[in-house]
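Report on the following structure.
By convention here, the first residue in the shown sequence is residue 1.
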Amino acid sequence: MTDILIRNADVVVTMNAAREEIAGGDVLIRGGAVAAVGKGVQAPGAEVVEARGCVVTPGLVNTHHHLYQTLTRVVPGGQDALLFGWLKTLYPIWAKFGPEEMFVSAQVGLAELALSGCTLTSDHLYLYPNGSRLDDTIAAAREVGLRFHPTRGAMSIGESAGGLPPDSLVENERAILEDCIRVVDAFHDAAPGAMVRVGLAPCSPFSVSRELMRDAALLARDKGVMLHTHLAENDEDIAYSLAQFGCRPGQYAEDLGWTGPDVWHAHCVKLDGQEIGLFARTGTGVAHCPCSNCRLGSGIAPVRAMRDAGVKVGLGVDGSASNDAGSLIAEARQALLLQRVARGADAMSAREVLEIGTLGGARVLGRDDCGALAPGMRADLAIWDVSGIEAAGAWDPVAALVLCGPTRVRDLFVEGRQVVRGGAMASIDLGRAVDRQNALARRLMAG
């Protein structure tokens, strides 16, 4: 692999231990890793990428998504519903998916993330209709070129047993655990620089049994993989936990082994002070999904309180049926705005939310090799052209990325390989993928 020298950036935002920002900075990529960061870096024979007029940042990290939902954006009947009603509308549509729908929707969703500056994403796939498998999304990620943390989700408690999903979408719990073992053995890579790491992710307390939650935690620790689920998303979620389990979600999670540095929970909008303290003490992570939380009327997550307590927090776009977009840089702006609405204009800065979206997300996903630009870190980085209209007149180009734009990267590198070039996908034929996605969506609507 040829060395790549990214040269003369207006600012290189390192997110290193000192949070250095280097004016007129360079980044040297060698063998999939960052070899040097500084000014006047010399690299004879390297391919040169000119970054004058640009800000270079670590790649953004997405800690929660449902990629398959890019096929069901703005579905009538679900546009104005709360979480449970929204799910009831979408479940019958998702039941018609198959392997092609899973692959194409993941491909489109991953490309959308890449264009918004994302180099590493998790995915929570918790339904497997008509022969679908986690393998379908992993194949899509390999084509697109993003670093991928797919999670083997599951639902096992259907409507007839008091759960929310229809019986047709739930699975036998023994079969779920057997497939968890299969996908971890087939795809999980624990080595530094891994492109694929698999997690286990029973969907939610209202769609799986306590036994499956406990068994999944035991299996994950036996296999050395991470755990993920939805928790404390809205008032309905809290009411369900109190009625069914006699405790709040934090206690439920702790009782079943779902706290610790190998666990991260999505949303956590309704965590109380005691639960925040529990997460801080145990090193449990949170995927904050501000746009989805707004869209579903779930509320404002207490991110300021979490951060102040020492909870690991990353950003997530959530599913494209509840967002309905998949732009991670847009999530950063929304996260900042919501904390300011809740706590005042000094509650969160643009640089802090950019840290949450890069280094913060990497820490939530257990990656100490991503999220910053420093020698030895993986060469995952975004180049943002700040010479255009979005940032015209901006005095602070770093804050501009969050507060005014651009919202689309010029170039994106993952493991030193270029995924976006000149604002367009370099790894796949995006037009062809979008055409196929729209054809599949029309077929679903006709059905």
Side-chain angles (χ1 to χ4, degrees), residues 1-43 46-63 113-114 116-121 145-147 192-195 314-315 328-329 332 349-386 396-402 406 409-421:
M1 183 183 292
T2 304
D3 291 355
I4 299 171
L5 178 61
I6 297 165
R7 188 174 65 183
N8 296 326
D10 284 10
V11 185
V12 174
V13 181
T14 67
M15 291 298 168
N16 64 13
R19 302 297 188 269
E20 288 179 279
E21 296 178 3
I22 304 170
D26 309 325
V27 180
L28 178 62
I29 298 171
R30 176 174 295 146
V34 175
V37 182
K39 297 181 71 169
V41 174
Q42 299 299 308
E47 175 189 344
V48 174
V49 176
E50 184 61 47
R52 195 179 304 277
C54 299
V55 173
V56 178
T57 69
L60 303 181
V61 178
N62 180 34
T63 59
L113 286 171
S116 77
C118 177
T119 53
L120 164 60
T121 183
L146 291 199
R147 204 177 296 278
M195 289 298 292
L315 295 177
L328 204 52
I329 195 66
S349 71
R351 281 171 171 79
E352 182 179 8
V353 80
L354 192 59
E355 178 182 315
I356 292 170
T358 53
L359 191 62
R363 287 174 172 170
V364 166
L365 295 181
R367 300 297 297 243
D368 60 5
D369 56 349
C370 301
L373 299 179
M377 300 293 281
R378 307 318 300 173
D380 295 2
L381 56 87
I383 302 177
W384 308 83
D385 185 349
V386 292
D396 180 346
V398 177
L401 297 181
V402 174
V409 289
R410 191 194 78 178
D411 302 300
L412 191 78
F413 291 84
V414 181
E415 193 67 8
R417 293 182 286 266
Q418 194 155 12
V419 174
V420 177
R421 180 181 293 111

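- Atom CG of Leu328 and atom SG of Cys118 lie 5.5 Å apart (nearest 0.5 Å).
- In this structure, the side chain of Asp10 does not engage the main chain of Val55 through any donor-acceptor pair within 3.5 Å.
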Side chain to side chain contact (heavy atoms under 4.5 Å, CB included) between Leu113 and Thr121, worked out: CA-CA 8 Å; Leu113 286 171; Thr121 183; 3.5 Å; yes
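- Between the side chain of Arg421 and the backbone N or O of Gln418 there is no donor-acceptor pair closer than 3.5 Å.
- Applying the side-chain hydrogen bond (donor to acceptor under 3.5 Å, both in side chains) rule to Glu352 yields the partners Arg304, Arg307; only residues at least two apart in sequence or on another chain are considered.
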Quiz: residues 368-377 side-chain donor-acceptor pairs under 3.5 angstrom, not counting sequence neighbours:
{"from": "Asp369", "atom 1": "OD1", "to": "Arg367", "atom 2": "NE", "distance (Å)": "2.9"}
{"from": "Asp369", "atom 1": "OD2", "to": "Gly193", "atom 2": "N", "distance (Å)": "2.7"}
{"from": "Asp369", "atom 1": "OD2", "to": "Arg367", "atom 2": "NH2", "distance (Å)": "3.0"}

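- Here the shortest heavy-atom pairing between Val414 and Met195 reads CG1-CE, 4.0 Å.
- Salt bridge Asp396/Arg351: present, at least one basic N to carboxylate O contact under 4.0 Å.
- In summary, Asp380 and Arg147 engage in a salt bridge, as defined by a charged side-chain N under 4.0 Å from a carboxylate O.
- Note that OG1 of Thr57 and CD of Glu355 are 13.0 Å apart. Values are rounded to the nearest 0.5 Å.
- Of the residues Leu146, Leu60, Leu381, the one that meets the side chain to side chain contact (heavy atoms under 4.5 Å, CB included) test with Leu412 is Leu146.
- Listed here is the closest heavy atom pair of Ala114 and Val419: CB-CG1, 4.2 Å.
- Across every non-hydrogen atom of Arg410 and Glu50, the tightest pair is NH2-O, 2.9 Å.
- Every residue meeting the side-chain contact (heavy atoms from CB on, under 4.5 Å) condition with Thr63, not counting sequence neighbours, appears here in chain and number order: Val61, Trp264, Ala287, Val364, Leu365.
- Residues passing the side-chain contact (heavy atoms from CB on, under 4.5 Å) test with Pro406 are Trp384, Val386, Glu390, Leu401, sequence neighbours excluded.
- The closest side-chain heavy-atom distance from Val49 to Ile4 is below 4.5 Å.
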Trace of the side chain to side chain contact (heavy atoms under 4.5 Å, CB included) decision for Phe413 with Ile383: CA-CA 9 Å; Phe413 291 84; Ile383 302 177; 4.0 Å; yes
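- Ala17 pairs by the side-chain contact (heavy atoms from CB on, under 4.5 Å) definition with nothing, not counting sequence neighbours.
- When all heavy atoms of Ile6 and Ala51 are compared, the pair lying nearest together is CG2-CB, 3.8 Å.
- The backbone N or O of Asn8 lies less than 3.5 Å from a partner atom in the side chain of Asp26, making a donor-acceptor pair.
- Smallest separation of non-hydrogen atoms from Ala382 and Gly117: CB-O, 4.2 Å.
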Got a list of side-chain donor-acceptor pairs under 3.5 Å for residues 28-38, not counting sequence neighbours?
{"from": "Arg30", "atom 1": "NE", "to": "Asp3", "atom 2": "OD1", "distance (Å)": "3.4"}
{"from": "Arg30", "atom 1": "NE", "to": "Asp3", "atom 2": "OD2", "distance (Å)": "2.9"}
{"from": "Arg30", "atom 1": "NH2", "to": "Asp3", "atom 2": "OD2", "distance (Å)": "3.0"}

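- In this structure, Val12 and Glu21 have side chains that are not in contact, with every pair of non-hydrogen atoms separated by 4.5 Å or more.
- A heavy-atom distance below 4.5 Å is found between the side chains of Leu354 and Met15.
- The minimum heavy-atom distance between Thr2 and Glu47, with the atom names listed, is CG2-N, 4.0 Å.
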